[in-house]
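Here is the structure we will look at, set down as structure tokens.
Numbers restart at 1 for each chain; the letters A, B, ... are given by sequence-line order, proteins then strands. What's counted below: heavy atoms across the whole structure, side chains too, no hydrogens, waters or symmetry copies.
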Amino acid sequence: MKPSEIIDHPFAGAYAKRLGVKTPWQGHLPGPKMEAWRFTPLRTLANTPFVPASASAEVDVTELPRGVPLIAGAARLVLVNGAYREDLSDADFGPGVTISTAEAFASSSRSPLALLNAAYASAGVSIDAAGPGLRPIHLVSIGAAGAEPAAFHPRLRITVAPGASLTIIESHVGLPGQTYFSNPVTEIALAENANLRRYVSVAEDSEAFHLATATISIAAGGSLEAFHLGLGGALVRQDITVRFAGRGAAARLNGAYALSGRSHHDFTTVMDHNVPDCRSSQVFKGVADGDSHGVFQGRIHVARDAQKTDARQLHKALFLSRGPEIDCKPELEIYADDVQCAHGAATGEIDHDQLFYLMSRGIDPATARSLLVEGFLTEAVDEISVPEVQALFRDAIGAWLKSRDIARARP
Amino acid sequence: MALLEIKNLHASVAGKEILKGITLSVEPGAVHAIMGPNGTGKSTLSNVIAGREGYDVTQGEVLLDGKNVLAMSPDERARAGIFLAFQYPVEIPGVTTSAFLKTALNAKRRAEGKTEVDAMEFLKLVKAKTAALGMPYDMIKRALNVGFSGGEKKRAEVLQMTLLEPRLAILDETDSGLDIDALKVVSDGVNALRAPDRAFLVITHYQRLLDYIVPDHVHVLAHGRIAASGGKDLALELEAEGYAKYLDTAA
Ligand SMILES: Nc1ncnc2c1ncn2[C@@H]1O[C@H](COP(=O)(O)OP(=O)(O)OP(=O)(O)O)[C@@H](O)[C@H]1O
Ligand SMILES: [Mg+2]
């Protein structure tokens with residue numbers, strides 16, 4: 001969205017005042033009366049006095065924060081506070097991939113957060129991929145606030161040319177102990193018969209806010225395989241919209257979350273089936289402990305013309321103690337008659353028979369619970385088709401489990 | 001001292017008394033078979049010994065090597081040497097059989113003050129044990145019991161038993177679901193484990209199993225009590241005559 005296009009929007013004022021008044025946008029955030037935001041209140045975000053994050057060059061980040069994996073064979077692209085850091089990124093992304101920083105480009109999302117991003121984003125980063133044998137990309141977005149809470153608005157565009165196949169892994173992290181608000185907007189366009197594998201890990205600091213909006217359009221014959229992991233942050237939302245723009249397009253959108261403390265994590269997905277013969281499948285699994293809050297909202301929209309759509313959705317969550325809250329809202333809007341649509345949702349506690357079975361083999365309750373939780377989430381992670389990435393995400397979940405004593409959190 | 005000593009054990013489920021005073025003493029090295037009609041409390045007895053929740057022990061004692069088993073958690077009981085081969089093994093999605101076996105084996109080894117097995121030793125050990133039980137080695141890469149056939153689940157129980165080498169093994173209808181060849185293979189596995197310091201409680205409906213695993217004692221459990229005890233010939237008698245006479249007298 002060009003600045004000129006947002007003139008009629010509440011954030012236009014914010015745009016005009018950018019870099020001026022401290023927090024002009026916060027009065028315009030979506031509230032609990034907006035259906036899409038009912039389960040994810042933004043009060044704390046609205047009440048935190050953010051300043052615009054420093055331009056990245058001034059930020060002293062010389063190495064990647066702990067927990068960011070080094071992925072062999074992948075070219076690294078690092079953003080600090082939303083801006084491209086050439087010094088921390090690889091110089092060579094291999095043939096077929098062009099990285100450019102451009103003036104903020106349009107986003108098709110009308111979400112308030114995307115508009116806020118449009119008002120504030122500095123230069124966007126564009127990844128354009130074409131041709132065979134593309135090198136995987138590891139995008140690392142680092143939040144670095146400094147003394148005051150700071151907000152930044154990464155803006156990304158990914159295009160994959162006809163027939164090309166790209167793998168991108170995203171790690172969203174921050175420097176420890178800082179309060180920041182990352183508001184990334186990602187616009188993805190897959191051309192005919194293009195493939196994208198996108199694996200996103202959000203493991204922000206426990207004081208951080210992360211509200212991501214991604215829109216993916218898939219042309220005929222194209223396919224998306226995505227996995228989103230949510231491992232923390234004070235408030236995280238991963239808002240993902242897939243638009244099927246041509247026949248025979250397919251999307252597998254999967255994810256997992258593991259929450260503790262006062263973390264809040266929201267997956268909001270839209271599968272927008274506007275053309276015939278497309279397939280979408282979603283498997284999301286989550287575990288929640290402490291006083292955390294997990295949200296899954298999944299909308300499947302099948303337009304009247306989108307015959308032969310096959311759309312499936314599953315959300316399963318486990319309470320690890322009595323404290324957490326989990327909200328699940330599947331929404332099916334189906335206007336075509338010749339379709340296969342199914343959704344399922346289940347929440348529960350760790351199965352007592354399973355726990356007894358493991359303990360009856362001499363495994364202590366803490367380890368038994370940990371094995372069961374890991375197994376539960378592994379079933380989602382197994383959907384990842386790249387073994388190295390599967391191992392990476394499994395390790396991240398393993399580390400999350402180790403970092404805490406879920407044994408103490410008795411149901 | 002008896003390895004397992006059950007004294008006047010009463011237990012109820014959901015307010016209903018199922019075990020109504022069971023007394024049984026199992027010496028080290030012995031094999032005791034328990035037979036009896038459906039629903040008389042054989043699995044209840046196994047579950048109470050193993051520590052499954054949902055059972056209220058209202059009276060009596062269970063001692064393993066003189067120690068009060070009922071005061072221990074299920075994992076403590078297992079580490080003390082109790083192993084229950086489940087009548088209905090539980091499926092654990094997402095947990096590979098190998099990860100589970102390794103965790104269980106190392107828990108036991110730690111409890112015994114031994115060093116944990118490393119990946120190489122573990123694989124070697126499991127390869128040998130699966131081969132002995134006629135199981136494809138690849139099975140341990142699958143999620144525990146998930147999608148295993150009835151017979152495969154029972155073999156997997158016996159695999160666990162041979163790995164964990166318990167002091168007291170309770171086999172709750174391990175023979176049901178096994179084909180004729182598997183019955184022989186599994187029985188060989190059990191017999192190979194027979195040792196002077198180890199005992200077995202073998203629950204079965206079929207005399208055939210007891211041709212392979214020859215018991216020292218046979219008990220009839222009826223209406224929550226041991227209605228009769230005898231030698232291995234008692235099983236043959238039951239096979240011929242059924243349970244009618246125990247049901248009449250114990251009612
Ligand atoms: N959770 C429960 N709630 C109510 N009744 C139960 C429960 N669990 C067991 N029972 C009852 O306890 C009785 C004994 O069951 P148990 O499983 O011990 O029998 P069993 O001797 O093992 O039978 P089988 O030979 O069929 O395996 C049965 O009548 C059963 O219905
Ligand atoms: Mg039974």
Side-chain angles (χ1 to χ4, degrees), chain A residues 227 229 254 256 258 283-287 314 316-318 320 344 346 348-384 387 390-391 393-395 397-398 400-402 406-408 410-411, chain B residues 46-55 72-112 142-146 153 156-157 159-161 163-167 169-170 172:
Chain A
F227 189 91
L229 183 64
N254 305 308
V283 177
F284 283 85
K285 297 187 99 175
V287 298
L314 178 67
K316 278 172 128 180
L318 274 188
L320 301 186
E349 292 174 1
I350 285 180
D351 186 277
H352 289 239
D353 288 337
Q354 294 181 349
L355 192 61
F356 172 63
Y357 189 77
L358 297 184
M359 287 173 70
S360 79
R361 277 24 177 169
I363 300 173
D364 66 86
T367 308
R369 290 170 67 85
S370 171
L371 268 176
L372 291 174
V373 170
E374 199 168 357
F376 177 79
L377 295 176
T378 290
E379 273 201 309
V381 176
D382 280 348
E383 300 283 329
I384 296 174
Q390 201 185 89
F393 279 39
R394 192 170 292 160
D395 289 352
I397 289 169
W400 181 88
L401 282 164
K402 272 213 187 73
I406 60 168
R408 261 189 281 127
R410 292 230 168 254
Chain B
S46 333
N47 286 330
V48 168
I49 297 173
R52 192 172 202 144
E53 61 184 39
Y55 299 88
M72 302 180 199
S73 62
D75 56 313
E76 287 168 344
R77 297 181 196 204
R79 293 194 299 269
I82 293 175
F83 180 92
L84 168 62
F86 283 51
Q87 182 174 3
Y88 304 108
V90 181
E91 301 191 355
I92 317 271
V95 178
T96 61
T97 306
S98 71
F100 158 75
L101 290 174
K102 192 156 175 244
T103 310
L105 183 60
N106 281 330
K108 174 174 186 269
R109 292 183 63 100
R110 273 199 310 275
E112 291 170 349
R142 288 168 59 184
L144 181 57
N145 291 328
V146 177
K153 282 181 182 162
E157 292 291 288
L159 171 67
Q160 293 171 37
M161 181 182 75
L163 266 178
L164 296 175
E165 301 179 327
R167 297 217 58 216
I170 307 168
D172 191 355

Less than 4.5 Å to any heavy atom of chain A: does that hold for the side chain of [X], its backbone, both, or neither?
| X | value |
| --- | --- |
| B/N106 | neither |
| B/E91 | backbone |
| B/R77 | neither |
| B/L105 | neither |
| B/P89 | both |

At what distance, to the nearest 0.5 angstrom, does [atom1] of [X] lie from [atom2] of [Y]?
| X | Y | atom1 | atom2 | result |
| --- | --- | --- | --- | --- |
| B/R79 | A/M359 | CZ | CE | 8.5 Å |
| A/Y357 | B/E157 | OH | CD | 3.5 Å |
| B/N47 | A/S360 | CG | OG | 9.5 Å |
| A/T367 | B/D75 | OG1 | CG | 9.0 Å |

Check your understanding: Does atom NZ of B/K153 have more than 12 heavy-atom neighbours from other groups under 6.0 Å away?
Key ->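 Yes - once you tally the heavy atoms of other residues, nucleotides and ligands closer than 6.0 Å, there are more than 12.
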Nearest non-hydrogen partners of [X] and [Y], listed with the distance:
| X | Y | answer |
| --- | --- | --- |
| A/F356 | B/G51 | CE1-C, 3.6 Å |
| B/A104 | A/R361 | CB-O, 3.6 Å |
| B/V95 | A/L371 | CG2-O, 3.4 Å |
| A/H352 | B/E53 | ND1-OE2, 2.5 Å |
| A/G362 | B/A78 | N-CB, 3.2 Å |

Review point. Who among A/L358, A/V381, A/D382 has the most heavy-atom pairs with chain B under 4.5 Å?
Key: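 Highest number of heavy-atom pairs under 4.5 Å: A/L358.
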Practice item. Flag the one option from A/L377, A/D364, A/T378 with the top tally of heavy-atom pairs under 4.5 Å to chain B. Key: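 The candidate making the most pairs under 4.5 Å is A/D364.
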Point to revise | Top contributor to chain A contacts, counting heavy-atom pairs under 4.5 Å, from B/S73, B/P166, B/A50 | key: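 That would be B/A50.
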Practice item. Tell me, out of B/T96, B/L101, B/T103, who's got the most heavy-atom pairs with chain A below 4.5 Å. Key: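 The answer is B/T103.
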Practice item. Test side chain to side chain donor-acceptor pair (under 3.5 Å) on A/D353 and B/Y88 and set out the steps. Key: CA-CA 11 Å; A/D353 288 337; B/Y88 304 108; over 6 Å; no
